There are 2 protein chains.
Amino acid sequence: MNGENNFFKSAFSVDNVIFGFDDGDLKVLLIKRGAAPFQGLWALPGDLVYPNEDLDTAAYRVLEELTGLKKVYLEQVHTFGAVDRHPLGRVITIAYFSLVKISDFTLTPSSFAQNVEWHNVDKAMKSELAFDHNTILETCFNALTHRVRIRPVGFELLPPKFTLTELQHLYEALLRAELDKRNFRKKILSMSLLIDLDELQEGVPHRPAKLYQFNKDRYHQLEAHGFSFEVKESKKKEKKKRLAELIAQ
Amino acid sequence: MNGENNFFKSAFSVDNVIFGFDDGDLKVLLIKRGAAPFQGLWALPGDLVYPNEDLDTAAYRVLEELTGLKKVYLEQVHTFGAVDRHPLGRVITIAYFSLVKISDFTLTPSSFAQNVEWHNVDKAMKSELAFDHNTILETCFNALTHRVRIRPVGFELLPPKFTLTELQHLYEALLRAELDKRNFRKKILSMSLLIDLDELQEGVPHRPAKLYQFNKDRYHQLEAHGFSFEVKESKKKEKKKRLAELIAQ
DNA sequence: GAAAATGCTGTTATTCTAACACTAACTTCC
DNA sequence: GGAAGTTAGTGTTAGAATAACAGCATTTTC
């Protein structure tokens with residue numbers, strides 16, 4: 001320390017990768033920047049942390065300003081601090097990801113942004129984002145992919161009532177793997193994580209599926225005691241991959 | 001943004017949880033603080049990040065100043081930023097953990113500390129450390145425990161030549177579980193991670209064990225392709241635990 | 001050469017995982 | 001109202017992985 005005040009010339013921000021799931025697609029909430037730097041590019045929602053504000057509080061604030069939601073899943077992932085990552089000065093940023101149910105709110109663009117939109121995650125990762133947000137998005141997506149194998153966080157992304165097929169599609173989007181329907185159902189049902197609501201889907205042009213809710217108590221139990229969702233993609237696919245690797249060598 | 005300069009009054013530091021393994025014991029490197037605040041208490045080595053220095057660079061610098069080591073395992077874990085965590089101002093800290101081979105260097109106390117010592121991790125977690133370093137240590141220990149199940153990082157902590165029993169003791173210390181000797185050997189040998197050196201231990205008062213080296217190429221392969229060291233403790237112990245939980249309810 | 005200490009090794013029962021195909025229920029269209 | 005279209009739902013089996021378990025081998029020390 002020694003009172004070296006030139007250290008106290010930096011700032012820190014939080015950036016929030018807000019994931020949603022809709023229509024079989026994993027999505028991320030992006031803001032089109034209305035001002036320089038990077039005007040016109042899409043960026044992750046974020047803000048400087050206030051001088052007397054905790055980091056998590058700042059992340060929740062950003063989330064709430066944008067979505068109106070308070071109690072959602074939020075997790076710190078990584079801090080990015082390359083010297084030149086921000087053109088206006090030394091600003092490091094603490095990246096969070098959160099999981100929301102898209103149906104829980106409607107988007108209301110905040111003051112500093114022209115536009116807020118859900119973007120397909122794959123497409124967003126391939127397009128150019130402001131600052132180092134491509135790196136941040138990728139890191140957070142990897143963290144989510146990893147987390148979903150260890151905790152049943154998938155449920156944070158689904159509406160309160162869902163079908164087994166919807167759940168499977170979510171896991172397939174998160175794990176980037178094709179799963180076997182029967183094995184998936186057997187596994188997920190054997191965890192007693194789901195409550196059968198004895199209700200059926202309505203308004204679908206085919207046989208309606210049963211609706212399920214997830215069991216919060218059991219969820220917290222699994223959270224505490226560890227959880228392993230080691231779903232492997234079908235062997236067909238694995239073989240293809242291995243072959244591709246062999247060829248690449 | 002908008003040039004609000006009162007944001008630029010904060011600083012950030014890195015703190016490094018340096019783990020070592022010796023004598024069957026997981027250890028952490030701590031510094032006794034020679035100056036206020038928290039004078040006399042043990043603390044994690046750390047420093048403010050220089051204005052034009054990347055975060056990882058700062059973490060490596062702290063590590064090198066203390067140990068002289070350059071190429072060691074280092075990983076960012078979490079950022080701690082409670083408003084009041086530092087008595088002298090708003091300082092958030094980015095926590096890293098690193099894994100070193102204790103035999104690779106000798107400790108040379110740096111200028112700002114009276115004393116540097118290896119501490120047993122369990123004891124250190126129970127004693128009072130400076131700042132929020134108890135929380136940081138615990139978080140990093142959990143991260144290590146988790147990491148070791150996914151990557152073969154254990155080898156970073158062992159000397160170049162080691163016996164299977166030493167390796168098993170390391171895993172037991174990290175996973176806090178007692179492992180079956182035969183199953184452990186079968187599993188670890190089947191990964192072809194180890195190279196049999198055709199050498200024997202010397203100077204032990206009993207039958208000497210074979211020495212092994214680990215296979216770097218194979219290690220990097222496993223790092224890239226995923227790895228699962230799902231060693232479970234013996235059922236006896238699990239049963240005991242479950243019983244204890246039942247009683248506790 | 002006996003005692004003490006740790007090294008080393010293989011088999012079996014059980015559990016978990018992966019592969020796989022057909023019938024059921026509902027809607028729409030003719 | 002029946003045929004076609006669409007998704008829901010369901011069980012068995014072979015193979016792989018895991019967990020449990022005990023006794024002889026090699027070295028030092030006394």
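In the text below, chain A, chain B and the rest are named by the order of the sequence lines, each starting its count at 1. Just so you know, these numbers use all the heavy atoms, side chains as well, and skip hydrogens, waters and symmetry mates. Predicted model, so just to flag it, every value in this text is computed and none were measured.
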Nearest-Å distance for atom pair CZ/P, residues B:Phe184 and D:dC21: 20 Å
base_contact_polar (C:dT11 base, B:Lys186 side chain, donor-acceptor, <3.5 Å): yes
Donor-acceptor under 3.5 Å (A:Asn134 side chain, A:Ser127 main chain): yes
Nucleotide D:dA8, atom P - distance to CG of A:Leu194 in whole Å: 15 Å
Touch class at under 4.0 angstrom, heavy-atom based, for B:Lys210 against every strand present: sugar-phosphate
Atom pair distance, as rounded to whole Å: CG in A:Asp180 and P in D:dG9: 15 Å
Base C:dA24 paired with A:Arg207 side chain (donor-acceptor, <3.5 Å): yes
Sugar-phosphate only, base, or nothing, as touched by B:Thr165 at under 4.0 Å among non-hydrogen atoms: sugar-phosphate
N/O donor-acceptor pair, side chain B:Arg182 with base D:dC21, under 3.5 angstrom: yes
Residue A:Lys187, side-chain atoms from C-beta onward, closest of C:dT27, C:dT17, C:dC8: C:dT17
Between C:dC22 (P) and A:Arg185 (CZ): distance, integer Å: 18 Å
A:Glu166 CD to D:dA8 C1', straight-line distance once rounded to whole Å: 13 Å
Under 3.5 Å donor-acceptor, A:Asn16 side chain and A:Gly46 backbone: no
For atom CG of B:Asn183 and atom P of C:dT9, their distance in whole Å: 14 Å
A:Ala43 backbone acceptor or donor facing A:His133 side chain under 3.5 Å: no
5' priority, DNA chain D, between A:Thr163 and B:Pro208 [closest heavy atom]: A:Thr163
Interatomic distance, A:His206 NE2 vs C:dT28 P [rounded to whole Å]: 10 Å
Side-chain N or O of B:Lys181 closer than 4.0 Å to phosphate OP1/OP2 of C:dC8: no
Centroid-centroid distance, B:Tyr171 to B:His169, less than 6.0 Å: no
Between A:Phe162 and A:Tyr212, ring centroids under 6.0 Å: no
Distance, rounded to the nearest Å, where A:Leu189 contributes CG and C:dC16 contributes C1': 17 Å
